[in-house]
Amino acid sequence: MKRLSGYIILIILFLTTISAFSNKPHIINLYREKYQADNKNWAIGQDERGTMYFGNDIGLLEFDGIEWNLNRIPNSLVVRSVSVLSHKTIFTGSYEEFGRWDRDISGKLVYTSLSDNLDKALFKNDDFWKIWIARDCVYFQSFNSIYIYDYNTVKRIPSEKAFLFLTKVRDEFLVQQMLGSLFRLKGDKLEKIEGSEVFQGTDVRVILPYKEDQYLIGTTSKGIYIYDGESFKEWSPVLSGIMNLKELNCGVVSSKGSYYLGTILDGIYEVDINGRIVDHISSESTLQNNTVLSLYEDNLGNIWAALDRGIAYIQYIENMSCYTDPGGKTGAVYCAVLWDNKLFIGTNQGVFYITTEGLNKPNALSDMKLIDGTQGQVWALKVVDGVLYCCHNKGLKEIHKNLSVTDAFAIGTGVYNLSEAKVRDHDLLVLSTYSSIRIVDKKTNRVFTPGQISEPIINAEFDHLGNIWLEHFNRGVYRCKLDDNFSGFRSFSYYGGNNKDGLPYKLKMFKVGGRIVLLGDNRFYTYDDIENEIVPSSLLNESFSTVHNIRQIIPIRENQFWALTDAAIYKFFYDGYEISILENYNLGMNLSLVNAYENVSILNDITSLICLDNGFLLYNKTQETKRNLYKELSAPYIEFMRTVNIDDRIEYKDLTESAEVSYTFNTVTFGFSSNNAFASNLSFQYMLEDVDKDWSVPQKINSISYARLPEGKYKFMVRTIDNLGNYSEPVSYGFEILSPWYQTIWAYMFYVLMIVGILYITWLLILRRYRNLHLQKIRHRETRRLRVLAGELQQEVEQKSAELLTQTSFIIQKNELILRIKDIVDDFYSKNKINALLPLYHKINSLLNNNMNSEDDWKMFLIKFEEKHTGFFKKMKALYPQLTNNDLRLCACLKLNLETKEIASLMNLSIRAVENSRYRLRKKLNIQPSQNLNEFFLEID
């Protein structure tokens with residue numbers, strides 16, 4: 001009883017100590033390899049969208065939480081000071097240079113110098129160290145000058161002495177003349193502050209607001225003072241002594257009321273309002289460099305530090321203190337326990353311990369000590385009846401109060417876990433080992449080894465029916481009944497694995513009110529003892545429907561549990577009938593649980609230790625207050641819309657109105673950002689309506705491209721989402737991809753005209769075709785008619801030829817007949833000489849001669865000849881006008897190809913006379929002797 005009372009007192013003392021722990025932050029170091037600029041950073045600023053700006057040795061660094069951009073000043077000058085007016089306008093000061101940056105339509109910052117037209121002899125070889133924005137102007141301060149920019153002109157405030165740093169406190173501007181008194185700047189006038197001669201011979205580096213109307217003034221060698229408007233008095237002698245040694249350089253007052261003081265030699269000190277040091281962040285703990293050049297509190301209350309080497313982000317997680325070990329001294333943490341006023345940590349390297357008071361030290365993990373004899377993999381630490389047991393890969397070990405280590409119960413194999421149980425009036429220890437389980441009777445220390453299942457078991461639990469459930473190291477679970485003597489299993493059933501029962505391959509288990517609940521593939525299952533089967537738990541599955549990748553469930557106390565995912569943890573209540581999620585926590589950047597062995601060690605009712613792969617988080621909450629589980633995220637911003645054509649020509653669109661995009665520029669890129677994307681570990685989801693079927697998977701990107709979009713109207717949407725499943729309202733932007741030139745109204749008009757033209761041409765061609773066909777028919781009909789006519793004409797010609805031939809033959813025959821009759825008459829008369837017949841003789845001769853020279857015969861011959869050879873005589877007369885009628889008659893006879901004899905008979909001439917006529921005719925026609933006369937006339941039509 002006395003032992004129990006002591007233990008309770010110890011727990012109460014620890015609760016008192018743990019509640020006094022400072023909320024230790026998570027330090028995220030950002031190295032130059034990450035932000036791709038120089039090591040040294042001088043100043044910090046943030047705009048209303050949460051974008052951070054850093055004055056770097058080679059330019060202005062811009063960080064939207066996803067991507068870093070370096071904006072270079074001409075000549076790559078160092079940026080000593082930064083002041084942010086808005087997302088669109090930032091002021092910077094450099095070496096012999098100060099100016100403003102304005103954001104263009106592409107989302108990029110464009111620099112404009114404000115000092116180019118000034119007399120640079122007044123600030124030659126000088127840097128502008130401070131920039132402050134007042135209500136209607138901006139102050140730029142170097143060691144030698146202060147300039148006022150009223151957004152139109154720049155003018156210099158005259159001064160006889162050099163300045164140190166101009167500081168804005170509330171609505172006042174204070175500045176120290178170099179190693180001298182303090183002055184108050186009002187407009188363009190400097191007013192000395194009475195009593196500030198106390199700062200003669202030292203540098204005033206920090207002036208911060210203190211309480212409602214006082215000032216905290218920090219120097220490099222004379223400590224820290226409080227100024228109440230009338231007098232200066234030292235704030236905290238102890239703190240002043242430390243700052244004098246560490247060289248105070250910068251400071252910022254946080255929204256929670258504490259002060260962060262940056263030093264040149266020893267990192268950052270967090271100080272409360274009474275001047276007590278709350279925390280010290282330095283290179284001995286997690287800070288990458290001890291020289292702090294600037295401090296800034298962002299809009300989430302976290303602190304940014306610009307360092308001589310790199311950038312640090314000091315992030316606070318609600319109700320959590322962060323203890324990380326970047327150097328890997330302790331290794332991955334698997335378990336922890338509070339015992340004997342010490343915190344014991346089980347890792348993959350052994351068991352480490354630290355006193356509870358040591359947890360308040362700035363670099364707590366560096367004070368952790370390894371317990372000799374525990375080297376190796378530690379799976380669990382359990383306190384049973386005041387004894388600390390270590391479940392180790394080399395068996396079960398007992399750690400004594402003097403920190404000596406001995407083997408317990410001679411298990412002979414590695415032990416994963418240990419639990420207590422009471423079975424049939426026996427108080428038992430159940431050990432989950434590398435080969436089945438071991439059961440230890442606490443009263444007799446006898447060890448039982450059930451033999452049927454010889455497999456690695458990582459966890460074992462008894463249910464309300466007396467079944468013992470065994471969780472396999474890599475796959476399903478067993479439900480077993482122990483023998484009365486604990487030496488074997490009376491019966492057992494196997495679920496999951498490759499059992500073909502429809503359950504997930506890997507199952508984890510936890511107990512709720514005596515009942516076993518199984519978890520696998522993000523689904524919960526329970527055992528239905530009536531139906532003797534595993535069934536889904538509809539209540540748990542419905543409650544965690546929006547939570548993904550649940551890895552482990554850890555009991556806290558009765559009906560309260562931790563649910564662990566890969567990037568968040570949830571605290572929930574569940575009694576088997578009702579369930580409610582009480583709290584949820586985003587683990588933040590660079591913090592991760594031990595993969596496949598996620599665990600939370602319950603130190604007491606209000607304190608839990610979340611095991612990480614490089615340290616641990618210490619959860620401490622003294623009061624169960626209602627916490628808003630759903631965190632409404634602010635909507636993201638669409639920064640730019642860029643279109644590109646096939647020639648890589650780029651155009652940016654004005655986001656203030658819907659864009660119309662030429663079809664040739666149909667590759668579209670959207671840039672977007674969000675408030676506190678880095679601090680809140682946000683991702684983006686996007687969707688293009690009618691292109692994407694659903695929201696994309698969460699991605700840490702700040703732009704997305706769609707290539708070769710077809711014509712049409714589109715709406716692009718983007719939203720942010722965190723690791724807890726909270727997401728913002730989407731932001732949308734509508735645009736239209738115009739039709740290609742060949743689908744415009746003018747093109748369609750051209751197509752119509754072209755179609756009409758083609759139809760018209762086709763109609764003309766068809767008309768021409770039918771016209772040709774018609775003409776062909778007409779020609780064919782005419783040809784037939786002409787053929788008929790030609791036949792008729794041929795017949796007529798043939799008839800005429802026949803008639804001409806007949807007529808010619810008749811004349812020739814007649815003449816020949818007359819000549820023969822005449823010859824007969826002449827012969828008869830010459831022989832008989834009968835005078836009586838003489839008159840008759842003469843009369844017959846006269847009659848025959850008249851018939852021989854009948855003009856009627858020639859007229860008839862010429863008529864018939866002209867009918868067949870129309871125009872022959874006219875043509876011959878036209879060609880040869882010297883021809884006589886007899887010549888023409890001879891020509892007609894030659895045209896008919898008559899022989900000389902026939903011509904002589906026809907013309908009643910002698911053959912000799914005909915030959916002579918032919919000769920004379922040849923001469924008249926000028927026909928060569930070699931040419932046939934008949935052929936000459938045959939060729940004349």
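The first residue of the sequence shown is numbered 1, and numbering continues consecutively from there.
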If only atom types and distance count, is the side chain of [X] paired as donor or acceptor with the main-chain N or O of [Y] below 3.5 Å?
X	Y	result
Q685	S696	yes
N289	V292	no
R103	H87	yes
E297	S255	yes
Y259	S254	no
N41	N39	yes
Q288	A312	no

Residues [X], [Y]: salt bridge by 4.0 Å N-O rule:
X	Y	value
D102	K88	no
E97	K120	yes
D57	K40	no
R642	E651	no
E639	K108	no
K189	E191	no
R49	D47	no

Checklist entry - Out of curiosity, T286 OG1 to H26 NE2, how far, rounded to the nearest 0.5 Å? => result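 Reported to 0.5 Å precision, the distance equals 8.5 Å.
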Checklist entry - Rounded to the nearest 0.5 Å, what separation is found between the CG atom of L709 and the CD atom of E736? => result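 Here the interatomic distance stands at 12.5 Å.
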Would you check if the distance from the ring center of [X] to the ring center of [Y] is below 6.0 Å?
X	Y	value
Y727	W695	no
Y637	F672	no
F670	Y686	no
Y147	F98	yes

Item to check | Residue pair S673, D64: steps toward the side-chain hydrogen bond (donor to acceptor under 3.5 Å, both in side chains) verdict | outcome: CA-CA 6 Å; S673 65; D64 63 1; 5.6 Å; no
Checklist entry - Parallel under 30°, tilted from 30 to 60°, perpendicular over 60°: which one fits the rings of F173 and Y139? => result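 Rings of F173 and Y139: tilted, 30 to 60°.
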Checklist entry - Angle class for the F165/W129 ring planes (parallel below 30°, perpendicular above 60°, tilted otherwise)? => result perpendicular
Greater than 12 external heavy atoms within 6.0 Å of [X]'s [atom1]:
X	atom1	value
R170	CZ	yes
E284	CD	no
Y316	OH	yes
K34	NZ	no

We want to know whether [X] and [Y] form a side-chain donor-acceptor pair, criterion being a heavy-atom distance below 3.5 angstrom.
X	Y	answer
Y585	N319	yes
N125	Y95	yes
D722	N681	no
N290	S283	yes

Checklist entry - Just one of Y706, F716, Y714, F665 clears the ring pair (Phe, Tyr, Trp, His ring centres under 6.0 Å) bar with F735, so which one? => result Y714
Item to check | Partner of F63 by ring pair (Phe, Tyr, Trp, His ring centres under 6.0 Å), out of Y53, F678, Y35, Y313 | outcome: F678
Checklist entry - Within 45° of the axis and under 6.0 Å from the centre of the six-membered ring of F140, does NZ or CZ of R156 qualify? => result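 No, a cation-pi geometry is absent between R156 and F140.
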